Undergrad: 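Sending over a structure as structure tokens; questions will come in a sec.
From a predicted model like this one, the values you see are computed outputs, not experimental measurements.
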Amino acid sequence: MVKSISSDYIEENYYKTDLSPKENHVVCELDPSFTTDENYDPEANIREDLTRALKPRVVNMISIAGIIGTGLYLSTSKSLHTGGPASLFMNYTIMGGVVYLTLLALGEMSTYMPISGSFCVYARKFGSESFACALMWNYWFNDAVSVASDLTALQLVMDYWKTSEHGFPYWAASLIFWFVVVCLNVIHVRFYGEAEYWLAMLKIIAIIIFFILSIVVNVGKNPQHEYIGFKNWTRGEAPFVDGIKGFASLFVSASFAYGGTESITLTNGEAENPIRNTPKIVKTVFWRILIFYVGSTFFIAMNIPYDYPGLDSKSIVTSPFTLVFQMAGTKGAGSFMNAVIMTSVISACNHALFAGSRIMYNMGLEGFLPARIVSRTNRNKVPYVSVLITAAVGALCFGASFIGAGTLWTWLQNIVGVSNQIAWLCIGITSIRFRKGLEKQGKTHELIYKNWTYPYGPYFVIIFVSFIILIQGWSAFAPWNVSNFFSYYLELFVFPVCFIIWWLVKRDRFVKYEDMDFTTDRYIPTKEIIELNETLDNLKGWKKYRQMFHEYVL
């Protein structure tokens, strides 16, 4: 019936504001990018019941530096020791490209449907129940383990000051920070957002200082009082230590460092004006990867030799960031950087808990868990039950640190790294099916933001990520190491097992392109929202810069 309405009807009624609800629905169905009803709720098609309280400045700041944490600050030391300077720099550059392609594909879908379930919910809508079930359990487990890995990393950070020798145990500090993070997430999403905003700001300032000090150290302000240049790239076995095996083994640590980049779209379900802000988030990803990750590894590879004593000791004392600060100054400078690393670890833990709780909340909405329990929200519309469950599981995993914080952290790092890779692989698959479904139903024109790399970008992500998942555990085979093997490949058993179990229960198939649901969870902007965004996009001169300052700072 809807398809029988002519285009003349749309033109005739497009700007009328006195249409009946039924007539307004017809116009919206024919042109979902617009609605004439001033009282229309943009959230009408969205099943989630969350509060859009995250301001643009908060979401933008989180997208710039909110995910930077233990991976970049801690794992780069062991990566440098294992693969050498060239392997470190090239690996982070390559994986940065993969993450960027993944975010372009995800940004296209999340602008169309800005919900907190993001790519996990898309996996069901454009894939199958079993596919989504496996991805959701995989990613929720990823976030719960990330909480544990960050709590464990805090012990390594505290070890810099040897606080345990003065009677203050590391595990107690981790539990205190765990309690603080739980409070930030369970009360109101605004508390989570504000904490992330200021911690991200601190990280940006610290990394800029790190860049400046790295240049100073390289040109001669170092203990040897000599120009370093690229001398460390020709030292010993450098620039490639242990050849291709050493290079391949860094993929998992780089994936751990980049982990969480895709989860920034989970904030879309609680962000203001998502159709404007989501594309802006995706656009900042390229610069964040280039500046913070690639830039950091470039300076690390220049200034720190791969055979520096203790790089593989899993200790914060040999974090490349701390070492550069010590080279340029004193022990006090190293303490400053260590304090920044500590706040970054807390920030990463905060975001992991947020992401994990939103995935569990959506698992209830999708029927994979009891919705009456995990999808319950408090008066501020925070899924507090999912927050508490995710936090509790993370704390239990952290309890395994009695085997040694450094050993446990390496295990957790590998598990989370592979889990991130599986998520990127699934996003690539979902993106291709999403586009094909739109094409089949003639709705491609409805896309507000398009992935300019389609179809080559998503296909490259699928093929390349599948390849590195298989080869990155090479070091576990020569010589054979059972512990390393399971840390690299445990997730490859978890994902298919979850898929098979749900498939045996439901016997479902991948949804056909013509049957895909592009209505439920769709965010349809009102006339006011469209006009506001057009006004903001057309600002020039001082007004434009003032608006940018407002979106990123105030």
Side-chain angles (χ1 to χ4, degrees), residues 70-96 156 160 210-211 213-257 293-329 333-334 337 341 406-407 409-410 413-414 417 468 471-481 483-484 487-488:
T70 54
L72 182 62
Y73 288 128
L74 297 183
S75 67
T76 46
S77 58
K78 185 179 179 182
S79 297
L80 177 62
H81 174 80
T82 303
S87 293
L88 175 69
F89 176 71
M90 291 177 60
N91 203 290
Y92 271 72
T93 303
I94 293 171
M95 292 309 298
L156 303 178
Y160 181 84
F210 169 74
F211 288 167
L213 290 183
S214 294
I215 296 173
V216 172
V217 166
N218 192 266
V219 298
K221 183 62 173 68
N222 52 66
Q224 291 73 37
H225 302 290
E226 61 180 19
Y227 173 72
I228 297 176
F230 284 89
K231 292 179 181 178
N232 291 324
W233 285 59
T234 57
R235 180 187 180 111
E237 296 182 51
F240 295 99
V241 177
D242 204 16
I244 187 64
K245 186 170 74 171
F247 178 80
S249 66
L250 301 193
F251 281 121
V252 70
S253 59
S255 299
F256 173 75
Y293 287 91
V294 177
S296 294
T297 54
F298 174 76
F299 284 117
I300 289 170
M302 283 183 64
N303 292 325
I304 310 296
Y306 79 92
D307 55 355
Y308 187 91
L311 276 187
D312 62 339
S313 65
K314 311 178 186 70
S315 170
I316 190 66
V317 177
T318 53
S319 165
F321 290 83
T322 305
L323 290 177
V324 168
F325 269 69
Q326 288 178 346
M327 289 178 179
M337 190 63 223
I341 293 174
T407 302
W409 189 73
T410 300
Q413 171 187 306
N414 289 348
I468 64 173
I471 70 163
Q472 64 192 0
W474 191 342
S475 60
F477 294 92
W480 170 250
N481 187 305
S483 177
N484 287 345
S487 70
Y488 280 114

Undergrad: For Asn303, check side chain to side chain donor-acceptor pair (under 3.5 Å) against everything at least two apart and list the hits.
TA: Asn218
Undergrad: Got a sec, which pairs hit side chain to side chain donor-acceptor pair (under 3.5 Å) with one end in residues 79-90, sequence neighbours left out?
TA: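 Qualifying pairs: Ser79-Ser253.
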Undergrad: About how many Å separate CD1 of Ile471 and OG of Ser249, when rounded to the nearest 0.5 Å?
TA: 10.0 Å
Undergrad: Which residues satisfy the side chain to side chain donor-acceptor pair (under 3.5 Å) test with Asn222, sequence neighbours excluded?
TA: none
Undergrad: Looking at Glu237, is its backbone amide N or carbonyl O close enough to the side chain of Tyr306 to form a donor-acceptor pair, meaning the two atoms are under 3.5 Å apart?
TA: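 Here the side-chain-to-backbone pair exists.
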Undergrad: Quick one: are Ser77 and Pro320 in side-chain contact, heavy atoms under 4.5 Å?
TA: yes
Undergrad: Going by heavy atoms in the side chains, are Ile300 and Tyr92 under 4.5 Å from each other?
TA: no
Undergrad: Is the shortest side-chain heavy-atom distance between Leu72 and Phe321 below 4.5 Å?
TA: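 Side-chain contact under 4.5 Å: yes.
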Undergrad: Determine whether Leu74 and Gln413 make a side-chain contact, defined as any pair of heavy atoms from C-beta on separated by less than 4.5 Å.
TA: no
Undergrad: What pair of heavy atoms forms the shortest contact from Val324 to Ser214, and how long is it?
TA: CG1-OG, 3.8 Å
Undergrad: Under the side chain to side chain contact (heavy atoms under 4.5 Å, CB included) test, which residues partner Phe230, sequence neighbours left out?
TA: Trp233, Phe298, Met302
Undergrad: Work out which heavy atom in Gly84 is nearest to a heavy atom in Val241; give both atom names and the distance.
TA: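 Of all heavy-atom pairs spanning Gly84 and Val241, the closest is CA-CG2, 3.5 Å.
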Undergrad: CG of Asn232 to CG of Leu80: how many Å apart, nearest 0.5 Å?
TA: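 With rounding to 0.5 Å, CG (Asn232) is 8.5 Å from CG (Leu80).
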Undergrad: Please state whether the rings of Phe210 and Phe325 are parallel, tilted or perpendicular, taking 30° and 60° as the class boundaries.
TA: parallel
Undergrad: Got a second to check how far Leu250's CG is from Lys78's NZ, nearest 0.5 Å?
TA: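 So the CG of Leu250 and the NZ of Lys78 are separated by 10.5 Å.
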Undergrad: Rounded at 0.5 Å granularity, tell me how far CG in Leu323 sits from OH in Tyr308.
TA: 5.0 Å
Undergrad: Rounded to the nearest 0.5 Å, what separates atom CD1 in Ile341 from atom OG1 in Thr322?
TA: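 Ile341 atom CD1 to Thr322 atom OG1 measures 3.5 Å (nearest 0.5 Å).
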Undergrad: Salt bridge (Lys or Arg N to Asp or Glu O under 4.0 Å): which pairs involve residues 217-231, sequence neighbours left out?
TA: none
Undergrad: Mind checking whether Phe251 and Asn91 have side chains closer than 4.5 Å, heavy atoms only?
TA: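 A side-chain contact under 4.5 Å exists here.
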Undergrad: What closest approach, in Å, do Thr297 and Val294 show between heavy atoms, and which atom pair accounts for it?
TA: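 Heavy atoms of Thr297 and Val294 come nearest at OG1-O, 2.9 Å.
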Undergrad: So, using side chain to side chain donor-acceptor pair (under 3.5 Å) as the criterion, who are the partners of Asp307 when residues are at least two apart?
TA: Arg235
Undergrad: Does a side-chain heavy-atom distance below 4.5 Å link Tyr293 with Thr76?
TA: no
Undergrad: To the nearest 0.5 Å, what is the distance between OH (Tyr488) and CD (Gln472)?
TA: 7.0 Å
Undergrad: Can you see which heavy atom on Val217 is nearest to which on Met327, and at what distance?
TA: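 What the structure gives for the nearest pair is CG1-SD, 3.8 Å.
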